[in-house]
Amino acid sequence: MVRRGSASNNGAASGRGDALKTAQQRQPVQTTVDYTQTSVSEIFGSNVFNRATMRSLLPKNVYKALVRCLDHGEQLDASMADIVANAMKDWAIARGATHFTHWFQPMTGLTAEKHDAFLVFSGDEGEANLEFSGKLLIQGEPDASSFPSGGIRSTFEARGYTGWDPTSPAFLMESTNGKTLCIPTVFCSYSGHALDKKTPLLRSMEAISKQAVRLLSLLGNKSRRVTCTVGAEQEYFLIDEAFYMARPDIINSGRALFGAKPPKGQEMEDHYWGSIKERVLAFMMDAEAELYKLGVPVKTRHNEVAPAQFEVAPVFETSNVATDHNMLLMEVFRKIAQKHGLRCLFHEKPFSGVNGSGKHNNWSMSDEEGNNLLEPGHTPHENQQFMLVLTSVIRAINKYGHVLRASIASAGNDHRLGANEAPPAIMSIYLGDKLTEVVEALMSGKKEITGRAGKKLQFGVAALPELPADDSDRNRTSPFAFTGNKFEFRAVGSSQSVAWPNTVLNTIVAESLDYVATQIEKLINSGTDINTAVEKVVRETLSENKRILFNGDNYSRQWHEEAESRGLPNLKTTPEALPCLVDAEVKDLFKRYEVLENDELVSRYNINLESYCKTVNIESLLTANIARTIILPVAFEYQQRVAQTIATTRAAITGINMSTQEHLLKELCEKIGNLQSGIDKLESLIKEGHHDDHAESGEGDNLNRARFYEQKIIPAMNAVRAISDDLEQIVDDALWPLPKFREMLYIY
Ligand code: ADP
Ligand code: MG
């Protein structure tokens with residue numbers, strides 16, 4: 001008899017046994033950087049064409065023009081671009097680069113690159129020269145036909161172009177045999193449509209800056225520019241590569257589509273902030289060294305709640321650089337994990353039964369001087385600014401929380417939001433007790449509240465009590481929490497680019513800043529003084545939008561009921577969440593603030609729906625295939641063994657009572673039957689789905705298809721899994737071919 005997956009067996013079918021052995025024998029891998037010889041400050045940014053490098057390499061006038069372009073959004077003229085390109089090329093070649101690429105973020109949610117050598121061949125003399133012009137720096141022409149466009153560009157007009165984004169620095173990507181100069185770019189069609197995630201983000205930063213500057217100027221703050229800042233805390237799982245290789249579901253879909261909950265999950269609460277295992281720490285330090293070279297300011301590392309789950313957090317940067325750096329971080333983590341015999345999983349829910357992963361998007365804005373606009377501050381003036389910005393954010397989330405929810409909708413993230421996990425799909429804001437007290441006092445027009453140590457504090461809006469900086473007492477269940485001097489949007493999925501959620505956040509806050517500034521302007525124009533105007537607008541706006549504030553437990557059933565009575569949407573799945581993107585009002589919002597034209601927004605809606613269907617389709621095909629070709633045969637084998645045992649025992653002893661053995665055999669037969677019919681049902685639904693795929697596609701069709709996948713395919717997939725997980729707990733462990741959760745999550 002073939003013994004599949006036996007821990008003591010070698011051979012094609014013993015993937016699990018071999019994986020166990022390999023994983024157990026692995027050793028930590030050394031990094032290439034030795035910190036006793038090299039300090040972090042020496043390597044930090046060494047692969048980045050950053051300001052310091054530019055200052056040292058560029059003529060003064062060119063450097064100054066570039067700084068004006070970076071800080072004030074001024075255009076850089078073509079002759080200057082030539083000089084920058086040349087300096088960039090020399091710098092890159094001196095460090096061993098042979099190729100360059102425009103590095104961009106198409107709507108796949110990943111990054112894209114197409115490398116070109118710096119070489120120019122001169123035909124006559126057979127020579128090769130190294131060249132790179134301003135023209136090549138500023139613009140590239142990738143064949144855009146194979147990137148998703150969501151219907152705004154048909155393939156016959158496939159040409160798109162990439163355009164240099166000087167606000168995110170160029171960098172050198174190291175690989176085994178050389179380096180490549182990567183130039184961050186935007187990606188647009190020739191008709192000017194954004195085909196990427198970066199263009200709308202940059203536009204939304206402009207929009208919010210414009211409105212924030214307007215509001216600040218009413219308060220006498222002369223900033224000409226306001227910048228959004230983001231710090232993206234990243235959660236991830238690490239498993240041994242040998243287990244990964246023995247799990248076709250994880251290889252192809254990023255998550256375990258099968259697997260019973262392990263006897264030990266996260267209930268002991270012994271992993272969170274536990275001591276980091278040697279192999280994992282070796283990986284973390286290696287990955288960090290690579291990120292330091294790329295100028296990514298990673299700062300914090302720790303074990304997360306679930307076994308084999310971890311977190312890395314950088315220091316915040318401007319939104320567009322933070323976005324690029326988060327994409328780089330994920331790429332470097334994936335790459336370096338393999339060097340360490342590990343695989344890094346960014347999926348939102350790789351293992352059911354333990355926590356999934358998110359990306360906490362810490363967000364704020366700062367003025368030209370770098371002052372954080374969400375810093376409560378000490379002076380009455382700072383207080384006013386803070387209250388107005390806070391009020392604008394509260395209004396934005398109340399008014400457009402559903403759009404923000406839509407911005408993070410994906411098949412992967414549906415396992416967190418809307419499931420029994422943090423945070424829920426209901427958007428609400430946590431302010432903390434102290435700030436809530438202030439907000440409530442302001443709404444009721446009260447002039448006095450109790451400050452720290454019971455002291456009464458007088459205030460109009462012009463003199464708020466000082467907020468204790470340590471008041472951001474933790475509420476981990478809130479999707480949108482004020483944490484002292486920033487908001488933390490916790491519903492972003494771990495695998496998602498932060499570009500789109502920040503685009504939406506910036507746009508909806510821009511609209512509220514616009515609203516608040518307009519209200520104040522109106523009052524001032526009719527003779528009201530600024531302090532009274534601010535107080536009135538803050539009071540009224542807060543009162544109108546207070547239903548979004550909630551400090552309690554967001555997981556509780558009571559909150560779900562209460563939220564419903566407050567009229568807050570609870571959009572649990574992607575097909576439920578996405579349609580708001582094509583509401584007339586939302587289309588108008590994005591158009592008004594020049595972030596997305598109507599067709600650009602519709603294209604994102606279509607791409608998100610398509611991506612949802614494709615993801616679920618791949619998972620369903622994998623589920624059917626693995627169940628039929630890997631799990632079913634093993635179950636039959638065990639059934640046969642039990643049957644044989646009963647038969648041979650009967651033959652050996654007459655009159656023996658075999659009822660418990662017969663019961664087991666019956667149970668097996670029944671479950672195997674259920675598994676087979678489950679697979680049959682799933683397969684026929686998949687066929688039905690594919691049949692629909694060939695139908696003409698339009699906005700409505702995409703949504704119908706997504707609903708079909710949500711309402712028909714996913715339940716059928718879950719049913720197959722449930723029976724298989726059941727069988728996993730009955731079938732002889734030595735036969736079970738797929739690495740189990742109790743192994744994958746603990747042996748590394
Ligand atoms: P915690 O989540 O425990 O409050 P930190 O205060 O260290 O932890 O902040 C977490 C993340 O928030 C970090 O990435 C940090 O850089 C980022 N952050 C801090 N201040 C801001 C800000 N003004 N804008 C955006 N992100 C910020
Ligand atoms: Mg945090």
Side-chain angles (χ1 to χ4, degrees), residues 44 201 204-205 208-209 212 216 223 225-236 272-273 284 287-288 291-292 295-305 309-330 333 357-377 382 385-386 389-390 392-393 396-397 404 422-423 429-432 434-435 467-492 494 496-499 501-506 509 513:
F44 192 83
L201 176 67
S204 75
M205 291 171 72
I208 203 169
S209 175
L216 296 189
S223 265
R225 234 177 140 71
V226 162
T227 318
C228 303
T229 50
V230 166
E233 301 169 53
Q234 176 73 53
E235 294 178 337
Y236 60 97
Y272 189 63
W273 287 22
M284 288 174 169
E288 283 162 5
L291 290 167
Y292 290 151
V296 181
V298 279
K299 196 165 156 70
T300 311
R301 58 184 180 221
H302 63 80
N303 287 2
E304 253 303 327
V305 169
Q309 191 187 31
F310 308 92
E311 181 179 301
V312 53
V315 173
F316 69 95
E317 303 175 276
T318 62
S319 302
N320 61 326
V321 176
T323 299
D324 286 1
H325 280 173
N326 181 250
M327 298 307 285
L328 276 178
L329 184 148
M330 291 197 284
F333 266 47
S357 300
K359 182 136 56 191
H360 293 179
N361 190 87
N362 293 274
W363 174 92
S364 190
M365 289 175 269
S366 21
D367 68 12
E368 219 166 14
E369 315 262 77
N371 301 309
N372 182 348
L373 300 189
L374 282 168
E375 187 75 57
E382 287 170 339
Q385 185 175 291
F386 167 70
V389 174
L390 180 78
S392 304
V393 177
I397 305 300
L404 194 60
I429 296 181
Y430 168 83
L431 290 182
K434 193 73 210 168
L435 190 52
L467 291 167
D470 55 11
D471 193 47
S472 56
D473 51 315
R474 293 299 187 228
N475 179 333
R476 292 285 171 201
T477 69
S478 175
F480 203 84
F482 183 71
T483 51
N485 59 2
K486 62 189 187 287
F487 275 100
E488 189 171 327
F489 181 34
R490 302 201 178 111
V492 183
S494 48
Q496 293 171 331
S497 160
V498 295
N502 280 293
T503 302
V504 171
L505 185 53
N506 295 344
V509 174
L513 289 167

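Because the structure is a prediction, the values reported are computed rather than measured. All ligand and atom numbering here is 1-based and tracks the order in the structure. Worth knowing before you read on, the calculation uses all heavy atoms, side chains too, and leaves out hydrogens, waters and symmetry mates.
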Chemist: For Asn372 and ligand 1, answer yes if some heavy atom of the residue is under 4.0 Å from a ligand atom, otherwise no.
Modeler: yes
Chemist: Which of the numbered atoms in ligand 1 are under 4.0 angstrom from any heavy atom belonging to Glu233?
Modeler: 2 (O), 10 (C), 11 (C)
Chemist: Before signing off on this row, confirm whether Phe316 and ligand 1 have an N or O atom pair separated by under 3.5 Å.
Modeler: yes
Chemist: Verify, without hydrogens or angle tests, whether Asn361 (side chain) and Pro501 (backbone) share a donor-acceptor contact under 3.5 angstrom.
Modeler: no
Chemist: With Ala491, which residues qualify under side chain to side chain contact (heavy atoms under 4.5 Å, CB included), at least two apart?
Modeler: Ile408, Leu417, Pro423, Met427, Phe489
Chemist: Are any non-hydrogen side-chain atoms of Tyr430 and Thr483 less than 4.5 angstrom apart?
Modeler: no
Chemist: Work out whether the distance between some heavy atom of Lys299 and some atom of ligand 1 is less than 4.0 Å.
Modeler: no
Chemist: For the aromatic rings, using the six-membered ring if either is Trp, is the centroid distance between Phe480 and Phe487 under 6.0 Å?
Modeler: yes
Chemist: Looking only at the side chains, is there a donor atom on one of Gln234 and Asn326 sitting less than 3.5 Å from an acceptor on the other?
Modeler: yes
Chemist: Parallel under 30°, tilted from 30 to 60°, perpendicular over 60°: which one fits the rings of Phe310 and Tyr236?
Modeler: tilted
Chemist: Hey, is ligand 1 close enough to Val315 that some N/O pair sits below 3.5 Å?
Modeler: no
Chemist: For ligand 1, find out whether one of its N or O atoms is nearer than 3.5 Å to an N or O atom of Asn485.
Modeler: no
Chemist: For Gly231, take its heavy atoms, then give the atoms of ligand 1 lying under 4.0 Å from any of them.
Modeler: 14 (O), 25 (C), 26 (N)
Chemist: Verify side-chain hydrogen bond (donor to acceptor under 3.5 Å, both in side chains) between Asp367 and Asn371, making sure each step is shown before the conclusion.
Modeler: CA-CA 5 Å; Asp367 68 12; Asn371 301 309; 3.1 Å; yes
Chemist: Within the 4.0 Å heavy-atom shell around Ser364, which atoms of ligand 1 are there?
Modeler: 22 (C), 23 (N), 24 (N), 25 (C)
Chemist: In terms of atom number and element, which parts of ligand 1 are under 4.0 angstrom from non-hydrogen atoms of Glu488?
Modeler: 2 (O)
